[in-house]
Amino acid sequence: MSEPTAKSAAVNILARCDKSCAALAQQLLQKGFDDVAVDEAVSWALALGYLDDQRLAEAILRSQTAKLHGPAKVEQALQLKGISKQLAAQVLNNADVDWFAMAEQRLQRKFSNVVPTKDFQAKQKQQAKMLRHLLGQGFNFEQANYALSNHLSDFLLAD
């Protein structure tokens with residue numbers, strides 16, 4: 001039985017899940033293939049349409065937005081999958097996503113059972129917890145503040 005080629009190894013890897021060009025190249029290198037064979041296999045897979053970083057980035061964007069993650073967390077997920085910073089920025093800029101509305105939805109989902117309080121310190125503590133949650137989920141301060149002030153204004157400003 002002959003040794004597997006980089007192309008056959010690439011097909012086996014891609015049969016399990018989509019990969020970016022960089023991730024596939026890295027995995028083939030880890031399997032012991034030389035740089036030339038890896039470059040050939042990646043070029044071959046690109047030519048046949050087995051690899052498409054744009055398609056993968058858009059799929060990751062859909063997956064992350066379905067989880068109500070903010071743009072920073074989406075960008076991090078893209079980069080962890082080997083998508084270049086330029087392509088990640090392009091996909092995020094072209095995304096038809098209302099990040100402000102998504103931040104509100106995230107608050108609704110996470111804090112729907114929080115009971116409003118009249119105690120100022122407790123109210124500040126709840127607001128800080130909500131803000132930290134949104135920031136941790138990849139929303140920027142402007143988006144998080146909008147969600148807090150717009151959607152939860154009755155809850156946060158009630159006396």
Would you sort out whether E58 and Q54 count as a side-chain hydrogen bond (donor to acceptor under 3.5 Å, both in side chains), showing the intermediate values? CA-CA 6 Å; E58 289 169 358; Q54 179 77 32; 2.8 Å; yes

Report yes or no: does D52 contribute a side-chain atom to a donor-acceptor pair with the main-chain N or O of L46 at less than 3.5 Å? no

Mind checking what makes ring pair (Phe, Tyr, Trp, His ring centres under 6.0 Å) contact with Y50, not counting sequence neighbours? W44

Sorted by first residue and then second, give each side-chain hydrogen bond (donor to acceptor under 3.5 Å, both in side chains) pair with at least one member in residues 10-21; sequence neighbours left out. K19-Q27

Restricting to pairs with a member in residues 12-40, which pass ring-ring contact (aromatic ring centres under 6.0 Å, His included), not counting sequence neighbours? none

Between N145 and L131, which heavy-atom pair has the shortest distance, and what is it? N-CD1, 4.4 Å

Donor-acceptor check, side chain of R132 to backbone of Q127, threshold 3.5 angstrom: yes or no? no

Hits for side chain to side chain donor-acceptor pair (under 3.5 Å) against Q105, two or more places apart or cross-chain, chain-then-number order -> none

In one Ile/Leu/Val/Met/Phe/Trp/Tyr side-chain cluster, 4.5 Å: L87, V42: no

Ignoring hydrogens and angles, tell me if any N or O in the side chain of Q143 forms a donor-acceptor pair with the backbone of N140 under 3.5 Å. yes

Distance-minimising heavy-atom pair for A95 and L61: CB-CD2, 3.6 Å

Closer than 3.5 angstrom, by distance alone: can the side chain of T65 be matched with the main-chain N or O of R62 as a donor-acceptor pair? yes

Going by the ring-ring contact (aromatic ring centres under 6.0 Å, His included) test, which pairs reach into residues 51-101, not counting sequence neighbours? F100-Y146

Atom pairs and distances, donor-acceptor, side-chain atoms in residues 73-83, under 3.5 Å, two or more places apart:
none

Nearest atoms (heavy-atom pairs only) where L134 meets A103: CD2-O, 3.6 Å

Can you give me the closest heavy-atom contact between A6 and L28, atom names plus distance? O-CD2, 3.8 Å

